[in-house]
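Reviewing the structure listed below.
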Amino acid sequence: MSNFGFNYSETQCYNRWKNNKQHYTSDIFLLERIPEPEKNTGRCNWGYEANICLLKYLERNKKKIRQLSNPHSNVKDSLWGGASDWMLVNGYIYSQKQCSNRWKNDKQQYNKGINNGDGQFKATIIKSILGQCCMSLHCQDE
């Protein structure tokens with residue numbers, strides 16, 4: 001790397017290789033990560049379409065969502081990294097932390113029975129993700 005003007009140690013190069021190899025095996029390698037926003041940059045506004053896009057990604061990865069409560073599970077990085085990448089592919093720019101916070105807010109609002117005018121569609125997807133539905137079309141992929 002030093003031949004090309006980069007000042008990285010052997011350890012840094014080796015760690016980068018390990019991370020790239022790990023991401024490659026989890027289909028995250030090809031997409032660039034969105035940097036986490038700096039603190040106090042203001043509120044993140046989610047549109048309805050972006051929120052549904054995130055929920056559809058989470059529905060496809062509902063097994064990982066259900067593992068989040070297990071303290072011995074290390075699915076957080078791959079789940080929220082994949083969510084951020086999925087959003088980017090679909091034209092929405094949100095970081096891993098923003099995706100994680102949106103899910104926490106959606107789940108909290110669902111548990112409190114807050115609808116916010118989003119209709120039943122969003123609630124149906126959240127039920128499917130949490131494994132609480134049995135008749136929904138969204139559950140057929142389990």
Side-chain angles (χ1 to χ4, degrees), residues 1 4-142:
M1 292 297 292
F4 297 102
F6 297 101
N7 190 20
Y8 296 116
S9 69
E10 290 179 29
T11 305
Q12 288 173 315
C13 292
Y14 178 71
N15 288 338
R16 173 57 84 178
W17 165 246
K18 284 193 323 186
N19 289 336
N20 284 343
K21 184 177 172 184
Q22 181 182 7
H23 288 147
Y24 178 76
T25 58
S26 63
D27 297 330
I28 299 174
F29 179 71
L30 298 177
L31 298 172
E32 289 293 323
R33 293 274 179 234
I34 297 174
E36 293 296 324
E38 293 181 19
K39 292 188 177 194
N40 300 326
T41 59
R43 186 181 172 115
C44 175
N45 293 317
W46 283 74
Y48 179 77
E49 293 83 12
N51 197 353
I52 294 298
C53 184
L54 175 66
L55 291 174
K56 286 184 178 184
Y57 170 81
L58 296 176
E59 186 178 25
R60 291 179 180 183
N61 293 278
K62 60 180 102 179
K63 288 181 183 177
K64 288 183 181 180
I65 287 287
R66 294 174 191 162
Q67 292 174 354
L68 285 175
S69 60
N70 181 351
H72 302 292
S73 172
N74 53 351
V75 299
K76 285 184 182 179
D77 290 336
S78 67
L79 177 67
W80 299 122
S84 177
D85 293 341
W86 171 261
M87 297 300 287
L88 183 61
V89 166
N90 287 283
Y92 304 105
I93 301 174
Y94 294 103
S95 70
Q96 297 177 26
K97 184 70 172 168
Q98 290 169 327
C99 292
S100 171
N101 287 343
R102 179 74 258 168
W103 166 244
K104 288 176 188 175
N105 290 338
D106 281 345
K107 188 170 69 167
Q108 186 177 40
Q109 289 173 353
Y110 169 78
N111 288 335
K112 288 182 178 179
I114 300 171
N115 192 350
N116 290 342
D118 292 332
Q120 193 62 29
F121 183 64
K122 192 167 141 180
T124 303
I125 296 174
I126 294 172
K127 279 183 189 178
S128 172
I129 293 168
L130 296 175
Q132 298 175 348
C133 68
C134 55
M135 300 300 289
S136 172
L137 296 174
H138 300 285
C139 290
Q140 290 180 353
D141 60 341
E142 288 189 316

Approximate separation, where rounding is to 0.5 Å, of Asp85 CG and Ser78 OG = 11.0 Å
query = Roughly how far apart are Leu55 CG and Asp106 CG, rounded to 0.5 Å?
reply = 5.0 Å
key: Contact check, side chains of Trp46 and Cys99, non-hydrogen atoms, under 4.5 Å   = yes
task = Identify the heavy atoms of Asp77 and Gln96 that sit nearest to each other, and give their distance.
result = O-OE1, 4.3 Å
request  = Examine distances only and state if a side-chain atom of Ser84 and a backbone atom of Gly81 form a donor-acceptor pair shorter than 3.5 Å.
outcome  = no
ask   = So which heavy atom on Asn45 is nearest to which on Tyr94, and how close?
value = O-OH, 3.1 Å
query = Which atom names give the shortest non-hydrogen contact between Ile93 and Gln98, and what distance separates them?
reply = O-OE1, 4.3 Å
key: Check: Gln108 and Asn105 side chains under 4.5 Å, non-hydrogen atoms   = yes
key: Value rounded to 0.5 Å, distance of CD1 in Ile125 from NZ in Lys56   = 6.0 Å
query = Heavy atoms, side chains only, cut-off 4.5 Å: are Leu54 and Tyr92 in contact?
reply = no
query = Is any side-chain heavy atom of Leu79 closer than 4.5 Å to a side-chain heavy atom of Leu58?
reply = yes
